[in-house]
A.B. asks: 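Got a structure here, written out as C-alpha cells. Questions coming.
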Amino acid sequence: ASNVPNYLKSALANVHPDILAKYYGCGLVCPDVVEGTKILDLGCGTGRDVYLLSQLVGKTGSVIGVDMTPEQLSVATQFEDYHQAKFGYKNFQFLEGYIEALADLKLESNSFDIVVSNCVVNLSPDKEAVLRGVFNLLKEGGELYFSDVYSDRRLSDAARNNEVMYGECLGGALYWNDFIHLAKKCG
C-alpha cells in the first residue's frame with residue numbers, strides 16, 4: 001500500500017468507506033494516463049476500481065463495471081449518488097453479467113480504450129471466452145490491464161477441480177506461459 005502513487009491515494013480517499021471495506025481484489029490496476037478514455041472493469045464487485053477510475057477519466061471519459069453477483073452490484077449502486085456528488089459528475093455505470101459472455105451485455109464492439117480486471121479472470125471457467133470478448137470490445141490499439149493469480153507450472157486436475165482452491169483463486173490460476181499463448185490465440 002505504501003507504493004501507491006499519491007494521486008491514486010487521494011482518489012481512493014474519495015471512495016466511500018463501505019466500498020473500500022468490501023474490496024476483494026488482489027492489487028490495483030490503473031494505467032498511468034486515462035483522462036477522457038472509456039474503460040470496462042471486468043468483475044467490478046462493489047465498484048472500488050470503477051469509482052477510482054471514474055475520477056481519473058474525468059468528465060469526458062466513462063467507466064462501466066460488470067459483475068455476475070447481484071449482491072456485490074447492490075452495494076456498488078447503493079453509493080452511486082454519493083460518488084456523483086463527491087465527483088461533481090456521473091460517468092460510471094454498473095451491469096450484471098458474466099465476463100465469459102460479454103456479448104450478452106450488448107456493448108458496442110471496438111468501443112473501449114481500456115479493459116481492466118482485478119483478480120477475477122482466474123475465477124472464470126472459460127478464460128478463452130473472456131479474452132475473445134475483451135478483444136472484440138477493445139478499440140484498435142486498446143489495452144487490457146489486469147492483476148491476477150498465476151502459477152509457475154500447470155496445476156494438477158486435483159488442484160483445478162478442488163472447489164475450495166478454486167474459490168480461493170488458486171484452482172483457476174493459469175500457468176503464465178499458457179496465458180500468454182491463450183492471449184495471442186485470442187488476438
Side-chain angles (χ1 to χ4, degrees), residues 1-4 8 12 15 17-31 39-53 63-78 94-107 109 112 114-138 142-187:
S2 63
N3 291 331
V4 174
L8 290 179
L12 281 171
V15 177
D18 288 355
I19 299 291
L20 295 173
K22 294 180 179 173
Y23 172 68
Y24 299 109
C26 61
L28 180 59
V29 182
C30 186
I39 299 178
L40 178 65
D41 181 2
L42 302 180
C44 68
T46 60
R48 185 201 76 164
D49 291 353
V50 170
Y51 291 128
L52 169 73
L53 291 165
V63 184
I64 296 175
V66 174
D67 204 275
M68 65 178 226
T69 314
E71 297 83 4
Q72 295 276 40
L73 291 172
S74 175
V75 174
T77 58
Q78 176 184 349
F94 295 96
L95 301 174
E96 184 177 338
Y98 292 91
I99 64 172
E100 302 87 354
L102 292 171
D104 293 350
L105 298 174
K106 308 294 186 216
L107 298 168
S109 295
F112 288 90
I114 299 168
V115 175
V116 299
S117 185
N118 197 332
C119 210
V120 176
V121 175
N122 72 80
L123 294 170
S124 170
D126 190 350
K127 292 164 184 60
E128 184 172 344
V130 174
L131 294 176
R132 285 193 191 286
V134 167
F135 184 77
N136 180 55
L137 291 173
L138 282 172
E143 298 177 339
L144 168 64
Y145 289 84
F146 68 103
S147 174
D148 217 323
V149 178
Y150 294 94
S151 175
D152 63 356
R153 62 192 64 120
R154 289 182 185 94
L155 299 176
S156 68
D157 286 341
R160 283 196 333 259
N161 296 322
N162 183 295
E163 289 180 15
V164 173
M165 286 185 68
Y166 212 93
E168 294 294 327
C169 300
L170 302 174
L174 275 177
Y175 168 52
W176 67 270
N177 203 29
D178 288 344
F179 171 76
I180 292 170
H181 289 293
L182 185 59
K184 287 179 181 178
K185 178 181 176 183
C186 294

A.B. asks: Please name all residues satisfying side chain to side chain donor-acceptor pair (under 3.5 Å) with S74, sequence neighbours left out, ordered by chain then number.
C.D. replies: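 Partners of S74 under the side chain to side chain donor-acceptor pair (under 3.5 Å) test: none.
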A.B. asks: side-chain contact (heavy atoms from CB on, under 4.5 Å) with C30: which residues, sequence neighbours excluded?
C.D. replies: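 By the side-chain contact (heavy atoms from CB on, under 4.5 Å) rule, C30 matches L8, L53, L56.
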A.B. asks: Just wondering, do P31 and I114 contact through their side chains at under 4.5 Å, heavy atoms?
C.D. replies: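 Yes. Closest side-chain heavy atoms under 4.5 Å.
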A.B. asks: Please identify each residue that fulfils side-chain contact (heavy atoms from CB on, under 4.5 Å) with T69, with sequence neighbours left out.
C.D. replies: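 Testing T69 for side-chain contact (heavy atoms from CB on, under 4.5 Å), a comparison that skips the adjacent residues, returns D67, E71, Q72.
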A.B. asks: Considering all heavy atoms of both residues, which atom of G167 and which atom of L123 are nearest to each other, and what is their separation?
C.D. replies: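 Taking every non-hydrogen atom into account, O-CD2, 4.5 Å.
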A.B. asks: Just jot down the side-chain contact (heavy atoms from CB on, under 4.5 Å) partners of L20, sequence neighbours excluded, or say none.
C.D. replies: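 Per chain and number, L20 pairs via side-chain contact (heavy atoms from CB on, under 4.5 Å) with L12, V15, R48.
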A.B. asks: If the condition is ring pair (Phe, Tyr, Trp, His ring centres under 6.0 Å), which residues does Y145 pass it with, not counting sequence neighbours?
C.D. replies: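 For Y145, no residue satisfies ring pair (Phe, Tyr, Trp, His ring centres under 6.0 Å) once neighbours in sequence are set aside.
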A.B. asks: Heavy-atom distance under 4.5 Å between the side chains of D41 and V50, does that happen here?
C.D. replies: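 In contact.
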A.B. asks: For residues 99-107, please give each side-chain donor-acceptor pair under 3.5 Å, one per line with the distance, not counting sequence neighbours.
C.D. replies:
| residue | atom | partner | partner atom | Å |
| --- | --- | --- | --- | --- |
| E100 | OE2 | S124 | OG | 2.7 |

A.B. asks: How would you list, by chain and number, every residue that makes a side chain to side chain donor-acceptor pair (under 3.5 Å) with D49, sequence neighbours excluded?
C.D. replies: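 Applying side chain to side chain donor-acceptor pair (under 3.5 Å) to D49 gives N118.
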A.B. asks: What are the two closest heavy atoms between F94 and C44, and how far apart are they?
C.D. replies: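 F94 and C44 have their closest heavy atoms at CD2-SG, 3.8 Å.
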A.B. asks: For the atom pair CD1 (I180) and OH (Y175), what is the distance rounded to the nearest 0.5 Å?
C.D. replies: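 Rounded to the nearest 0.5 Å, the CD1-OH separation comes to 8.5 Å.
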A.B. asks: Tell me the closest heavy-atom pair linking M68 and Y98, and the distance in Å.
C.D. replies: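 Closest approach of M68 to Y98, heavy atoms only: SD-CE2, 3.5 Å.
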A.B. asks: Considering residues at least two apart in sequence or located in another chain, which fulfil the side chain to side chain donor-acceptor pair (under 3.5 Å) criterion with E168?
C.D. replies: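 Side chain to side chain donor-acceptor pair (under 3.5 Å) check on E168 returns nothing, list empty.
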A.B. asks: Is there a side-chain contact between K185 and E128, using heavy atoms and a 4.5 Å cut-off?
C.D. replies: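 Result yes, sub-4.5 Å side-chain heavy-atom pair found.
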A.B. asks: What's the verdict on side-chain contact (heavy atoms from CB on, under 4.5 Å) for N136 and V134, showing C-alpha distance, side-chain angles and the deciding distance?
C.D. replies: CA-CA 5 Å; N136 180 55; V134 167; over 6 Å; no
A.B. asks: Can you see which heavy atom on C119 is nearest to which on V149, and at what distance?
C.D. replies: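 Scanning both residues, the minimum pair turns out to be SG-CG2, 4.0 Å.
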A.B. asks: According to the side-chain hydrogen bond (donor to acceptor under 3.5 Å, both in side chains) rule, which pairs have a member within residues 157-167, sequence neighbours left out?
C.D. replies: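 Listed once each, the pairs are D157-R160.
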A.B. asks: Of all residues at least two apart in sequence or in a different chain, which pass the side chain to side chain donor-acceptor pair (under 3.5 Å) check with D126?
C.D. replies: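 D126: no side chain to side chain donor-acceptor pair (under 3.5 Å) contacts found.
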A.B. asks: List the residues meeting ring pair (Phe, Tyr, Trp, His ring centres under 6.0 Å) with F179, not counting sequence neighbours, and say none if there are none.
C.D. replies: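 F179 satisfies ring pair (Phe, Tyr, Trp, His ring centres under 6.0 Å) with F146, Y150 once adjacent residues are dropped.
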A.B. asks: Give me the atom names and distance for the closest heavy-atom approach of A76 to G45.
C.D. replies: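 Between these two residues, the closest heavy atoms are CB-O, 4.1 Å.
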A.B. asks: Main chain of G172, side chain of K127: is a donor-acceptor contact present, judged purely on distance under 3.5 Å?
C.D. replies: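 Yes; at least one donor-acceptor contact below 3.5 Å.
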A.B. asks: Only one of L137, L131, V130 passes side chain to side chain contact (heavy atoms under 4.5 Å, CB included) with L144; say which it is.
C.D. replies: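 Single pass found, and it is L131.
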A.B. asks: Side chains of L73 and V75: does their closest heavy-atom pair fall under 4.5 Å?
C.D. replies: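 They are not in contact (no side-chain heavy atoms under 4.5 Å apart), so the answer is no.
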A.B. asks: Do the side chains of Y23 and I19 get nearer than 4.5 Å, heavy atoms only?
C.D. replies: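 Sidechains of Y23 and I19: no contact.
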A.B. asks: Would you check if E143 and L138 make a side-chain contact, meaning some heavy-atom pair closer than 4.5 Å?
C.D. replies: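 No, every pair of side-chain atoms sits at 4.5 Å or beyond.
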A.B. asks: Minimum heavy-atom separation for A173 and S151, please, with both atom names.
C.D. replies: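 For A173 versus S151, the nearest heavy atoms are CB-N, 4.3 Å.
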A.B. asks: Could you tell me the separation between the SG atom of C169 and the CG atom of D148, rounded to the nearest 0.5 Å?
C.D. replies: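 Here the rounded value is 7.5 Å.
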A.B. asks: Using the test ring pair (Phe, Tyr, Trp, His ring centres under 6.0 Å), find all partners of F112 that sit at least two apart in sequence or belong to another chain.
C.D. replies: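 Expected list: none.
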